[in-house]
Amino acid sequence: MRLRAHHLLCLQGFQGYGYNPNFTNNLTKLIQEINSTPQLEIELIDEGDAVCFFCPYHKESLCQKTADSSRKVKDIDLKVLNKLGLSKGARVKQEDIFCFVNKKFRYISDVKDICTDCEWKEKCLWFIKLK
Ligand code: SF4
């Protein structure tokens with residue numbers, strides 16, 4: 001499965017909110033698939049992924065939520081990869097990567113410039129647990 005690096009954070013905080021019912025229904029199924037497959041191989045990328053595929057803002061293979069979101073979201077993916085010490089294209093196992101992410105991201109300061117401008121952060125169960 002191909003995932004944008006920053007979605008490793010978002011997926012852990014999802015509680016049913018999203019851009020439209022199609023998006024949230026598919027995201028719910030995707031998370032169930034990920035959670036029930038410990039051996040799942042995940043390729044970490046900085047472009048449209050399995051989550052974006054159902055997003056109404058994903059057009060012509062780019063995030064077009066705002067005029068500059070494609071660049072901004074790529075930048076966020078690269079910041080997450082950098083914090084994890086991984087490179088774009090790294091392949092990881094589900095059973096390893098989420099624990100590793102949560103060791104590296106423990107405090108609000110760890111997500112400075114990553115979650116700062118996210119419209120969902122107050123509803124993100126992962127974000128609100130950070131100290
Ligand atoms: S807003 Fe952009 S990065 Fe987020 S899911 Fe939609 S297309 Fe992907």
Side-chain angles (χ1 to χ4, degrees):
M1 180 181 291
R2 302 180 86 221
L3 284 181
R4 282 186 172 278
H6 90 269
H7 283 159
L8 292 172
L9 317 183
C10 314
L11 289 172
Q12 297 187 72
F14 179 70
Q15 58 167 327
Y17 294 98
Y19 300 115
N20 64 30
N22 184 54
F23 179 77
T24 55
N25 290 340
N26 281 294
L27 188 49
T28 300
K29 285 183 201 155
L30 190 73
I31 290 171
Q32 283 167 352
E33 182 191 343
I34 293 170
N35 288 344
S36 63
T37 319
Q39 292 296 313
L40 181 72
E41 187 176 83
I42 298 171
E43 182 184 0
L44 299 174
I45 58 174
D46 65 348
E47 57 194 51
D49 69 351
V51 177
C52 301
F53 189 73
F54 301 106
C55 178
Y57 297 113
H58 187 61
K59 294 174 189 153
E60 297 167 355
S61 302
L62 293 172
C63 179
Q64 299 195 23
K65 187 161 185 279
T66 63
D68 60 353
S69 61
S70 181
R71 179 189 58 77
K72 278 187 172 172
V73 78
K74 188 181 274 275
D75 186 49
I76 287 171
D77 289 324
L78 294 173
K79 282 180 178 154
V80 171
L81 282 168
N82 186 47
K83 179 99 179 151
L84 295 175
L86 295 171
S87 302
K88 181 168 74 172
R91 289 170 184 267
V92 295
K93 285 266 167 63
Q94 181 266 57
E95 64 185 351
D96 303 324
I97 191 63
F98 289 101
C99 291
F100 184 56
V101 165
N102 292 336
K103 279 187 189 143
K104 293 285 184 177
F105 293 88
R106 297 175 60 192
Y107 305 103
I108 294 279
S109 56
D110 293 325
V111 294
K112 188 173 175 293
D113 301 328
I114 292 173
C115 302
T116 310
D117 294 331
C118 177
E119 69 179 286
W120 302 106
K121 67 175 185 270
E122 303 307 330
K123 291 187 163 50
C124 175
L125 297 174
W126 182 82
F127 179 85
I128 61 181
K129 279 192 205 147
L130 296 174
K131 298 180 174 92

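Reckoned from all heavy atoms, side chains included, excluding hydrogens, waters and symmetry mates. Read the numbers this way: they start at 1 and go in the same order the structure lists the ligands and their atoms.
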Identify each donor-acceptor pair in which a side-chain atom of residues 106-115 lies under 3.5 Å from a protein atom, sequence neighbours left out, and give them as a table.
{"from": "D110", "atom 1": "OD1", "to": "K83", "atom 2": "NZ", "distance (Å)": "3.1"}
{"from": "D110", "atom 1": "OD2", "to": "R106", "atom 2": "N", "distance (Å)": "2.7"}
{"from": "D110", "atom 1": "OD2", "to": "Y107", "atom 2": "N", "distance (Å)": "2.9"}

- Item | salt bridge (charged side-chain N to carboxylate O under 4.0 Å, His left out) pairs, two or more places apart, involving residues 120-131 | none

- The complete set of salt bridge (charged side-chain N to carboxylate O under 4.0 Å, His left out) pairs with one or both residues in residues 23-43, sequence neighbours excluded, reads R2-E43, E41-R91, E43-R91

- Yes or no on side-chain hydrogen bond (donor to acceptor under 3.5 Å, both in side chains) for N35 and Q94, after CA distance, side-chain angles and deciding distance? CA-CA 8 Å; N35 288 344; Q94 181 266 57; 4.9 Å; no

- Using a 4.0 angstrom limit on heavy atoms, which residues are close to ligand 1? R4, Y19, C52, C55, H58, C63, K65, V73

- Message: Rounded to the nearest 0.5 Å, what separates atom NZ in K65 from atom SG in C55?
- Response: 8.5 Å

- Main-chain N/O of R71 paired to D68 side chain as donor or acceptor, under 3.5 Å: no

